[in-house]
Peer 1: 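Let me begin by handing over the structure; questions about it come next.
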Amino acid sequence: MESEIASEKDGTKEAAVVAKYKRGAKTSLKGIVNKKVKRQLVEKEVLFEEAAVTASKVEQWLLPSEGGYLEAEGLEDTRHFSQESIVKEVDVTSAQKAFDLSLPDLGPYVQDYNRSGRYLVLAGRKGHLAIMDWKQARLIMELQVRETVRDVKYLHNELFFAVAQKKYVYIYDKKGVEIHCLRDHISPLKLEFLPHHFLLASVDKGGVLRYQDTSTGHMVAQHRTHLGRSGVMCMNPYNSVMGLGHSNGSVTMWSPNMSTPLATILCQRGPVTAVAFEQAGLQMVTGGMDGKVKVWDVRKLVPLHTYFAPTTPKSLDISQKGLLAVASGSKIEIWRDALTSKQVKPYMTHRLAKAAQAQDLSFCPYEDVLAVGHSMGLSSLLVPGSGEPNFDTYVANPFETVKQRREAEVHSLLDKLPSELIVLDPTQVGAVQRSGKENVLAKSSLRREANIANAVAAGKPVAVKHKTKGRDKPSKRHRKKFTNVITATRAKIAEQSAAKAKASQVKPVSEDNDSIPRALARFKRKG
Amino acid sequence: MVGRKAGPRGHGSMNKKQQQKKMQKKDSGGRSNGKKVGPQLASSLLKELKGDGDRRRKQSKEEEEDDSILPGDVYEYEEQLPEEEAGKNRRYDSVDQLDYELPSDFETTTIFAESDEEGEEEKDDDDEEEEEDAEKKHQNMLQAVTRKASEARQEKASKRKEVMLSESYPESEFNLNPGGKGSVTTVQGISVEELMGSLHETAGFGALRKRMQQLEKRGAPVHPPLPKAMQEKVERKVGYEKTRDEITKWQPQVKMNREARTLFFNQKEEVVPSSTAALAAKFTPTTDMEKEIASVLSESKLGDVKAVEAAEALELNKLTVEEVRERQQRLAKMRSLLFQHEAKAKRVRNIKSKTFHRLQKDHKHRAEDTDAEAVKDAALKQEVKRAEERMTLKHKNTSRWAKRILKRGLKEHEDGSREAIAEQLRTHSMLTRKIQSVKMSSSSEESSSEEEGDEGDEGLAVGGKTRARLLAKAKMATVLALQGDGEAEIPTTGLFALPFMTRAIERKRKESQDEALAVLEQLEEAERGDAVFDKNINVGRAEDDKAWGTSHSGRLGFGDMSTPAMNPNRREKSRDGEDSMDEFDSDANLSDDEEDKIDGLGAWQRFNRMEKSTSNPLPEKEMSVAEVQSVVIGEEDQQVEEVEIFLYIPDLNWLTLAASTGKKKLNGKKSKMVAPLNPAEINAQIPTLLASEEEDGANDQGMKLLDKTMSQEELIRRAFAGDDVEAEFVETKARALDEEVPRVEGPVSLPGWGQWTHIQQKKGQPAWILKEQESLKNKRDAALSRRKDAKLQFVMISEKMDKKASKFCASKVPFPYRSREVFERTIEMPIGRDYNTDKSTRDMTRPSEIKKAGVVIEPLKLNMSIVKNAKLDVLSHVVKRRRERDSGNKASSNQLGKKIRT
């Protein structure tokens, strides 16, 4: 009985996985006249089905690990579990992943993991840069730039990272050698890297968003937001659209293609302090000075839930498995399933020691770890269930060798996407263009005019032949001569008459007409 | 005419005569000779001319010379050819101009006539005779040249003189006997017999004659061939059929190739595999041992592998005579059956008797009754009929015939039509009668009895439990309905927005709410009864029930119904026999922890039960009001926040209300107690409670739910009162919209124009301007309402064209596809290696043709197996259909037989 239930469960799960890989429903073949095309479509559907089924099977076989969460017993509540108690219970290697770096002098710190989650770069506001192989607690490089550092970001692999310094953006390599100084980015506040497009984006004090191609060095786009200083930026990993938070409470979404925002949403009452996107690009979370944390549906742009933070949320991050971390003051809260449904209590909470103020949050990819950069250094917290348990070595390999890294670099460069492909709805790429209704109307009117012109032109120089006795009437000749012209103008006339008819239909019947004899009605003053 | 001719004299007279001849020609032949003639003169003039001529003749012969010298005496007009003759435009019917040579012919006859009449004169004049001879010769020459004319002339001539008949055929070796009698073989009168006659005595004449006789015998008259057009048509038809057959043969193969995902042209040349048999054939024994073995094998006749194989194959291939016979018989039977069936069907089709057909139909029905499948089919058919009847009311005297008859009155008609009408009505009632499903009711009875049997000894208790469950369900539904009622909004637009409609809706709603409340009360009463009953029985069970209760949080939730009350797992459990209601029977054992686990309904019920038992009971009405109150609170939140109200019942008389965040209480400490309960107090308590909870929570709880009544929101509102971001946003949105959907300026009145009189001034803008402006405004509004962000107040979505991205889009649906959806579906699936397994990627990216370098693509060969398969497919369908028919007929015939026997 139990096994049956289990198999049933497996079945439904499998079906769900298959549905995930099917990517949309079949279209009906009704109305397709061409038999060959019809057959081809049927064949295609068969192929798609096969592909979906095999992909789901592969997922089953190759991605067997499942994440787990903290489970409370009896009266316990997971949010009361302290890091110490968790570390006590976990295995040695996992316990090593929870640590505190006490760097009270050069803080507050911001940090970034590389794509595989193996390396960690941290930057103190007062110019301290460091790279760590954090799992082995090995310091790879340490550097003091003697300048304000506002943000740090890894580029396509762990060899390079970009730093937003006082005046410009600098690129350093693994050894701490300054490789580039990007003087186009002036006094940057926040950095983002688009790995598929090789674009480094920065937003500066003046509210200018810049995109620079790191593979060619070209400046791809510079957009003025006209919304003032903005230090809040996050990329939507689903469509690579950049979300910027502004002091007027709105969040704007940008693509390098357009000089105006693709969408603007008024999210908070006060200034927006943090934005985060979910991995699948379905939800966005914004935090504002008003203390609210709001969850938005990114596709419909409607609010889903609202939570309340005790103080202003300073930073937000969403893990690969959808855990939401909120840093407000010295308090870190981690919420589970908070995006899909409204939750009543957080999954975990943590209070930073010595009342350190949190600055930056980042979940480590493929690990159950959350790094918190704060005024007193950096803390690495264990958050069970946050990371994706199965990693794909073709996407991100934490155990990458030098050779593999080189190969991956070449591959990623070959697979680089043009920046023009950044649109709000990526499924539109390659599809039939949906022009706006106005465009369509304009086009159709142009077409009509052209047709009329053609017809008139065709109608004019017709040399009418003289025909035999009965058929050469002048009236007939005239009619013949103007046939084309009439056909062309007919559409216009019909339109006019239709408009007239419509107008006459709507004409209201004045009530007081009855009072006046019909014969005298024409003398009545109109209006 | 002829007689007028004057006697010609001398040279001059001859001239004159020729002239006259010409004149005569004109008269006799009309205008047909193509010679130039004068205009037709008036008769008086002609007379004068004639008279003049006569006079001149009478006057003197000398003068004639002068005449001849001066022929221009008479005006001769040269007229063009008449239109009829010129044959222009084909406007006139063509007439055979048989008299083409008439002048000469006429000349001859007239000459004879003249010679008859004026014989003396001719004799007188030798010169004239000579001349006539010359003319004859000339005529003969003409004759020879133009046969046609002579033919025509011959008829005329033969009437008068046999002698003058000229032959219609020139005499030649091909025209031996023009007057001979015709036979089959004659060409213009020569028969084969005649030709044979001359060969009478020569050798081989007998054989020739025999042959001729044979030919004559055989030579039946041959029909004339069809017209060419017809012939060609027939040929084309036959040719088309032939070609069609020829091409149809290829159809399945071509279809297969067209539909194939990939065509492969990469076959290598076949390498003949060397089989063990082939190796064995080549083997020659060399060593001693091999030789020895070979000899042994040959002795035992096992050496020759081929022979052994052949023998085995033969053995295997052998078909027994019985098998063959059986197969043949089977086939023959099949064939004969098919034939018989066809013949029978044909015969039956041709029978015109209605009675026969009716009988047959009856038999068929009866046959169907016995067969389960047929019964099913018949039922289906009957159902369809019934449905049709219900839809069309075909038999309810709706037909034109029936109407007419009814209009005339039934009495006037003979019995036949009345009967028919009655029959129709009967059919109608049959078809529209309600069906009492006997089976269904019986099955349900069975199942219910089964259930009872299963539960057996538990008997009443379980019955009561199911009842309780039902009651719980019903109550849940009513509560939900109550809630739903409150939530439903009154429409603000349309017909339902009219004041009287809204009033009516309100009234309805109120009524339904009252009703629901009443139902709720009833249910509670019923449940109370149950609970008391259950309590006696199920005390012992409480322990077990705790087990599943652990997963329940023990609160009564409204709004977001993700509470465990809706949990399907729980429902399953309760079906297994552990009813949630049982929990509440073990009051005494319940600790505070366990109370947690009581779900909403449970708490509700529990409350009711307690209330009954306590000395300080809460009136039911009041409680329901309290309930409603809490519901209302839940509804008030238009946003997603929810207020959760806990009903903790630690002791008998105490009811605690607390906000959702008050989890501290779980640890035994009750924060607020309210007693005794009455609705007014509850109302008063709720907000204060919530507020206090918030304040507590803010310190230790961090992020938490928003409450409607929260003062914090108010605080924030105050804090950000200065910058009205919403208004700002609305303003910017309006500006952006102006940019994207620009306002078009309509016509405006010119200053001073139309403002002359005070009447005009009073009128203001002319109507047409206002109208134009209105229409422009409407257009813009329509455009705005079409935008994606039209309904999102605080969202702007740019609808500017992304030119850079648009170059990656298809401007229109590419060729073989017609619709956008279909095309987009074909590109929806990623085909890359990152998203697919290796095999799927290869499958999806395989080209339509695979060609290996150097492989010659040969023209398509007809693959007979494919053709056969295709034919078989078709045949199998046919045979299947026939078999089905046969079986049906057989059944019916059997029935017939039985009937006859009985």
Peer 1: Is it the backbone or the side chain of B:E259 that comes under 4.5 Å from a heavy atom of chain A, or both, or neither?
Peer 2: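 Backbone plus side chain of B:E259, per the 4.5 Å heavy-atom cut-off to chain A.
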Peer 1: Would you call A:F48 and B:M844 a side-chain contact if the rule is heavy atoms closer than 4.5 Å?
Peer 2: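 SC-SC contact between A:F48 and B:M844 confirmed.
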Peer 1: For a quick test of reading the model, state the closest non-hydrogen atom pair linking A:Q428 to B:C809 and the distance between them.
Peer 2: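 Reported closest heavy-atom pair: O-SG, 3.5 Å.
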Peer 1: Please look at A:K57 and chain B and tell me whether the side chain, the backbone, both or neither of the residue comes under 4.5 angstrom of a heavy atom of that chain.
Peer 2: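 No part of it gets close to chain B.
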Peer 1: CD of B:E728 to OG of A:S250: how many Å apart, nearest 0.5 Å?
Peer 2: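 Reported to 0.5 Å precision, the distance equals 9.5 Å.
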Peer 1: May I ask you to name which of A:G430, A:S255, A:G31, A:A55 has the most heavy-atom pairs under 4.5 Å with chain B?
Peer 2: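 Option with the greatest count: A:G430.
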Peer 1: If you count heavy-atom pairs within less than 4.5 Å of chain B, which of A:V429, A:V395, A:L262 leads?
Peer 2: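 Highest number of pairs under 4.5 Å: A:L262.
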Peer 1: A:Q433 vs B:M801, test: side-chain contact (heavy atoms from CB on, under 4.5 Å). Steps then yes/no.
Peer 2: CA-CA 10 Å; A:Q433 194 178 340; B:M801 172 103 156; 2.9 Å; yes
Peer 1: Does any non-hydrogen side-chain atom of B:K839 lie less than 4.5 Å from one of A:T54?
Peer 2: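 A:T54 vs B:K839: side chains apart.
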Peer 1: Can you name the closest pair of heavy atoms from B:K771 and A:A503 and give their distance?
Peer 2: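 Looking at all heavy atoms of both residues, the closest pair is NZ-CB, 4.4 Å.
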Peer 1: If you count every heavy atom of other residues, nucleotides or ligands that lies below 6.0 Å from A:K20 atom NZ, does the total exceed 12?
Peer 2: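 Above 12, so yes.
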Peer 1: Mind ranking A:A263, A:A51, A:A431 by heavy-atom pairs under 4.5 Å with chain B and telling me who comes out on top?
Peer 2: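 Answer, by heavy-atom pair count under 4.5 Å with chain B: A:A431.
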Peer 1: So which part of A:V58 gets closer than 4.5 Å to some heavy atom of chain B, the side chain, the backbone, both or neither?
Peer 2: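 Only the side chain of A:V58 comes within 4.5 Å of chain B.
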Peer 1: What part of B:S806 gets closer than 4.5 Å to chain A, counting heavy atoms only: side chain, backbone, both or neither?
Peer 2: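 Both backbone and side chain of B:S806 come within 4.5 Å of chain A.
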Peer 1: B:A805 versus chain A, heavy atoms under 4.5 Å apart: side chain, backbone, both or neither?
Peer 2: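 Both backbone and side chain of B:A805 come within 4.5 Å of chain A.
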Peer 1: Can you find a heavy atom in the side chain of A:L47 that is under 4.5 Å from one in the side chain of B:R261?
Peer 2: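 A:L47 vs B:R261: side chains touch.
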Peer 1: Please state whether the side chain, the backbone, both or neither of A:V37 comes within less than 4.5 Å of a heavy atom of chain B.
Peer 2: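 Contact with chain B: side chain only.
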Peer 1: May I ask you to name which of A:T260, A:N257, A:L29, A:T27 has the most heavy-atom pairs under 4.5 Å with chain B?
Peer 2: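 Of the options given, most contacts go to A:N257.
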Peer 1: Among A:T427, A:L421, A:I422, which has the most heavy-atom pairs under 4.5 Å with chain B?
Peer 2: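 Of A:T427, A:L421, A:I422, A:L421 has the most heavy-atom pairs under 4.5 Å with chain B.
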Peer 1: Just wondering, more than 12 heavy atoms not from A:E43 lying within 6.0 Å of its CD?
Peer 2: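 Counting neighbours around CD of A:E43, more than 12 heavy atoms of other residues, nucleotides or ligands fall under 6.0 Å, so yes.
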Peer 1: Chain B heavy atoms under 4.5 Å from A:R23: which part of the residue, side chain, backbone, both or neither?
Peer 2: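 Both backbone and side chain.
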Peer 1: If you round to the nearest 0.5 Å, how far is NZ of B:K807 from CD of A:E420?
Peer 2: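 It is 4.0 Å, given to the nearest 0.5 Å.
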Peer 1: Counting only heavy atoms closer than 4.5 Å, note whether B:F808 contacts chain A via side chain, backbone, both or neither.
Peer 2: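 Contact with chain A is through both the backbone and side chain of B:F808.
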Peer 1: Considering only heavy atoms and a distance below 4.5 Å, find which of B:N836, B:D789, B:D843, B:T841 pairs most often with chain A.
Peer 2: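 Heavy-atom pairs under 4.5 Å are most numerous for B:D843.
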Peer 1: So what's closer than 4.5 Å to chain B heavy atoms on A:K22: side chain, backbone, both or neither?
Peer 2: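 Just its backbone gets close to chain B.
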Peer 1: Quick check on B:K255: does its NZ atom have over 12 non-hydrogen neighbours (other residues, nucleotides or ligands) under 6.0 Å away?
Peer 2: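 Counting other residues, nucleotides and ligands, NZ of B:K255 stays at 12 neighbours or fewer.
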Peer 1: Considering only heavy atoms, which portion of A:E45 lies under 4.5 Å from any heavy atom of chain B: side chain, backbone, both, or neither?
Peer 2: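 The side chain, not the backbone.
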Peer 1: Can you tell me how far the CD1 atom of B:I797 sits from the CE atom of A:M253, to the nearest 0.5 Å?
Peer 2: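 Atom-to-atom, B:I797:CD1 and A:M253:CE are 9.5 Å apart.
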Peer 1: Give, for atom CZ of B:R258 and atom CZ of A:R39, the distance between the pair rounded to the nearest 0.5 Å.
Peer 2: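 Rounded to the nearest 0.5 Å, the CZ-CZ separation comes out at 12.5 Å.
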Peer 1: Taking side chain as everything from C-beta outward and backbone as N, CA, C, O, which of these in A:V295 sits under 4.5 Å from a heavy atom of chain B? Side chain, backbone, both or neither.
Peer 2: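 No part of A:V295 comes within 4.5 Å of chain B.
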Peer 1: Among A:V302, A:L266, A:I265, whose side chain to side chain contact (heavy atoms under 4.5 Å, CB included) with B:L792 holds?
Peer 2: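 Passing option: A:V302.
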Peer 1: Quick check: do A:I32 and B:R818 have side-chain heavy atoms less than 4.5 Å from each other?
Peer 2: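 With C-beta onward as the side chain, the pair stays apart.
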Peer 1: Under 4.5 Å from any heavy atom of chain A, what part of B:Q793 do you find: side chain, backbone, both or neither?
Peer 2: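 Contact with chain A involves no heavy atom of B:Q793 at all.
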Peer 1: Are there residues of residues 827-834 of chain B whose heavy atoms fall under 4.5 Å of chain A's heavy atoms? If so, which?
Peer 2: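 B:I827, B:E828, B:M829, B:P830, listed by number.
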Peer 1: So for B:D802, is it side chain, backbone, both, or neither that comes closer than 4.5 Å to the heavy atoms of chain A?
Peer 2: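 The answer is both parts of B:D802.
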Peer 1: Identify which part of A:P313 has an atom lying under 4.5 Å from any heavy atom of chain B, answering side chain, backbone, both or neither.
Peer 2: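 Contact with chain B is absent: no heavy atom of A:P313 under 4.5 Å.
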